[in-house]
2 protein chains.
Amino acid sequence: MSQPKIRNMEDFASVSGISRPTLSKYFNDPASVRSSTRARIETALERFDFHPNIYAMNQNRRLTKNIGIVVPNLSDPFFAEMARNIENWVIKAGFRPVLLGSHGDPEQEIENLDNLRLIKPAGVLMAPLGRMSLASRIASFCEDVPTVLFDSNIDDIGEAFVGSNNVQSVCLIVDYLCRTGQPPAFFEMKTPANPNAFKRRNTYVRAMEELGHEPRLIQVDGEGWNLEEIGFREGTKVLSEGQLPTDTILCSNDRLAIGVLSAAYQLGFKVGIEGDCDLRVAGHDDHPFSRYTCPTLTTVSQDYEVIAEKSAKTLFELIESEKRAEKRTVTMLDGKLVMRGSA
Amino acid sequence: MSQPKIRNMEDFASVSGISRPTLSKYFNDPASVRSSTRARIETALERFDFHPNIYAMNQNRRLTKNIGIVVPNLSDPFFAEMARNIENWVIKAGFRPVLLGSHGDPEQEIENLDNLRLIKPAGVLMAPLGRMSLASRIASFCEDVPTVLFDSNIDDIGEAFVGSNNVQSVCLIVDYLCRTGQPPAFFEMKTPANPNAFKRRNTYVRAMEELGHEPRLIQVDGEGWNLEEIGFREGTKVLSEGQLPTDTILCSNDRLAIGVLSAAYQLGFKVGIEGDCDLRVAGHDDHPFSRYTCPTLTTVSQDYEVIAEKSAKTLFELIESEKRAEKRTVTMLDGKLVMRGSA
DNA sequence: CAAATAAATTTACGCGCGTAAATTTAAAAT
DNA sequence: ATTTTAAATTTACGCGCGTAAATTTATTTG
């Protein structure tokens, strides 16, 4: 069959016998045309396999069905997984995900938002870089586009925040560690880029004091996002100096813990909960790789799936309501203790 | 100063005193306007911070400065890192990277190409899914858009391929393992999705035969891309059955090896090269996490940076030449042995 | 069956920009 | 200063689609 080439909606209009404005309505919302018309269009669609040009749509529609997803770093499996989860929810809700990573760079983060503006997204789901983020510029973006933050909170920015309850989760694991062995020291970066890190530090200190133990902060040097490397390098230092007043290390996040675990292994420490072990290491986040470390990493889970679902649905409600949130909501999800081999 | 809001190039034309067609020329190529004009534009640009709408540009230009980057899975740190490297080269060459992940799904891979078509990319860098890829549809895309494949080759598709020389790299590590201990068994998936896996298997068999050893294939069940999980689950089976005729396992890739390493640890095997160890495990790829496993993973590096650079530059040359390659070139980069603790 | 209502069509313009042709202006060369 | 040449401007149209208003056609209601 010598089908004529369909180059645009006009072409498709002539071969399908439907006017272009009606087709436009259909592609925007199939339910908005009469069912008999819909059937005719869909029959023609099967024969000709036409897809409207999404960028031309974006350009002209006041509001599109695009939803931007911005994460600090796609190279981090945590964010990659989180993004994947969110993408699935976005698709399920009939929207179109547009995923952008910021490579740990605040300028790139803003550029991502600028690019998103051009496709007139119905909303944006964003995990900000944190402390380094250019907050005021993000804020001005959020004034124009309904935005839900996840993972890292920035005060008063966006319509809502969904993340984990660091107070609860850190208390949980500190409590667990204290019950099952020596009270933990807290291993973290001196100047962490992520606001969660500060909450975790403070909570650790408070939790230790409440349990009647002296908090011990191990604050190590290091810049950037190569956390395993930092955990390994600085963990090696700390462990080989042998000045640790405890045999238990709680790391501010799993990626640091993965590095520390590797350092401990190489230095000949036996890590774990058994009697013959000389070190316990715990993390925070339930990073995708933490179940494959040696030993497997005891940690507190951030429930990816729930954070993804909750933040996505919060945004969808906002979009459907067609108005902005009266009040910024903050949702903090409890972590669950994941008891594995390392502590 | 009460700057008028610049909404488009027309607005910018009036405030800058330059005609819109000249501005259009400038934004396409700053060198194409007289230097005095360029200076005037750039001065105005500083005052008004105008950026042309990239999507409107894409729509109208016959050829854009976009370069598509398509990888099988952004959740895999290997591809995430590779993509980051490529993005850097693309930016450095004055192009605009557009990164898309296929989530391991052949349909998504095609959809990514269809979406790329709309932004009229100058070229595409693509790591295909492999065996599952809908090859004929990729081929027809490649007829329209200059495309360089990397990582996984598909015969005769694209203008060029850049990847690692599996024959060389597998020979290298087989040789190393045979020299330093018992000849390795080869641990892999029964039905791998990636064509490299087949090359590696065949090379392993040949290399073993040439060295006068009997090849031993351990072909495990498993679907999908959660390779660590498969390595762990099937590794646990293999190791606990205790039927291994050798104490050395060469895994088809690092992600499987990470799973096997975890299984070995949990079963109480001591993995490593020292005399008191009862198992050696090696991988292939030098995955970002392989330097933090316990013990650290001996492997063969695929040189990310060189593959990224070479494939990018091959594409740039193609684009500049403004014609298609007379002959499809295949570049295979040698791997380097990375001797770490596990074998 | 006619009247009321709903949906589709026709017509026309807009989005932000590329680009070609004719014309004017500015710079370089004589 | 005059001619030659290069570059900028004006004008006009196109890309693929959204969308509003007026009109026609089809469906539903009484």
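Below, chain A is the first sequence line, B the second, and so on; all start at residue 1. Note that the structure is a prediction, hence the values are computed from the model and not measured.
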With sequence neighbours excluded, give me every salt bridge (Lys or Arg N to Asp or Glu O under 4.0 Å) pair touching residues 24-39 of chain A.
-> none
Residue pairs passing the salt bridge (Lys or Arg N to Asp or Glu O under 4.0 Å) test with at least one member in residues 119-130 of chain B, sequence neighbours excluded, are none
Set out, line by line, the N/O atom pairs under 3.5 Å between protein and nucleotides 12-22 of chain D.
{"residue": "D:dG14", "atom": "N2", "partner": "B:N60", "partner atom": "OD1", "Å": "3.2"}
{"residue": "D:dC15", "atom": "O2", "partner": "B:N60", "partner atom": "OD1", "Å": "2.1"}
{"residue": "D:dC15", "atom": "O2", "partner": "B:N60", "partner atom": "ND2", "Å": "3.4"}
{"residue": "D:dG16", "atom": "OP2", "partner": "A:N8", "partner atom": "ND2", "Å": "3.4"}
{"residue": "D:dG16", "atom": "O4'", "partner": "B:Q59", "partner atom": "NE2", "Å": "3.4"}
{"residue": "D:dG16", "atom": "N2", "partner": "A:Q59", "partner atom": "OE1", "Å": "3.4"}
{"residue": "D:dG16", "atom": "N2", "partner": "A:N60", "partner atom": "OD1", "Å": "3.1"}
{"residue": "D:dG16", "atom": "N2", "partner": "A:N60", "partner atom": "ND2", "Å": "2.5"}
{"residue": "D:dC17", "atom": "OP1", "partner": "A:N53", "partner atom": "N", "Å": "2.6"}
{"residue": "D:dC17", "atom": "OP2", "partner": "A:M9", "partner atom": "N", "Å": "2.4"}
{"residue": "D:dC17", "atom": "O2", "partner": "A:N60", "partner atom": "ND2", "Å": "2.9"}
{"residue": "D:dG18", "atom": "OP1", "partner": "A:R61", "partner atom": "NH2", "Å": "3.4"}
{"residue": "D:dG18", "atom": "OP2", "partner": "A:S24", "partner atom": "OG", "Å": "2.5"}
{"residue": "D:dG18", "atom": "O5'", "partner": "A:S24", "partner atom": "OG", "Å": "3.4"}
{"residue": "D:dG18", "atom": "N7", "partner": "A:R20", "partner atom": "NH1", "Å": "3.2"}
{"residue": "D:dG18", "atom": "O6", "partner": "A:R20", "partner atom": "NH2", "Å": "2.9"}

Residues forming a side-chain contact (heavy atoms from CB on, under 4.5 Å) with A:I91, sequence neighbours excluded = A:P97
According to the salt bridge (Lys or Arg N to Asp or Glu O under 4.0 Å) rule, which pairs have a member within residues 67-87 of chain B, sequence neighbours left out?
-> B:D76-B:R255, B:E81-B:R84
Identify, with sequence neighbours excluded, every residue that meets ring-ring contact (aromatic ring centres under 6.0 Å, His included) alongside B:F316.
-> B:F95
For B:N53, enumerate each residue passing the side chain to side chain donor-acceptor pair (under 3.5 Å) test, keeping only those at least two apart in sequence or located in another chain.
-> none
Strictly under 3.5 Å: I want the nitrogen or oxygen pairs between protein and nucleotides 28-30 of chain D, one per line.
none

By side-chain contact (heavy atoms from CB on, under 4.5 Å) - contacts of B:R20 (at least two apart) = B:M9, B:E10, B:A13
Verify the neighbour count for atom CD of B:E107: are there more than 12 heavy atoms of other residues, nucleotides or ligands below 6.0 Å?
-> no
Readout for nucleotides 23-30 of chain C: B = base within 4.0 Å of protein heavy atom, S = sugar-phosphate only, - = neither; 5' to 3' it is ----S---
Only pairs at least two apart or in different chains count here, so list each salt bridge (Lys or Arg N to Asp or Glu O under 4.0 Å) that has a residue in residues 130-150 of chain A.
-> A:R117-A:D144
Quick one: ring-ring contact (aromatic ring centres under 6.0 Å, His included) pairs with a partner in residues 63-90 of chain B, sequence neighbours left out?
-> B:F78-B:Y304
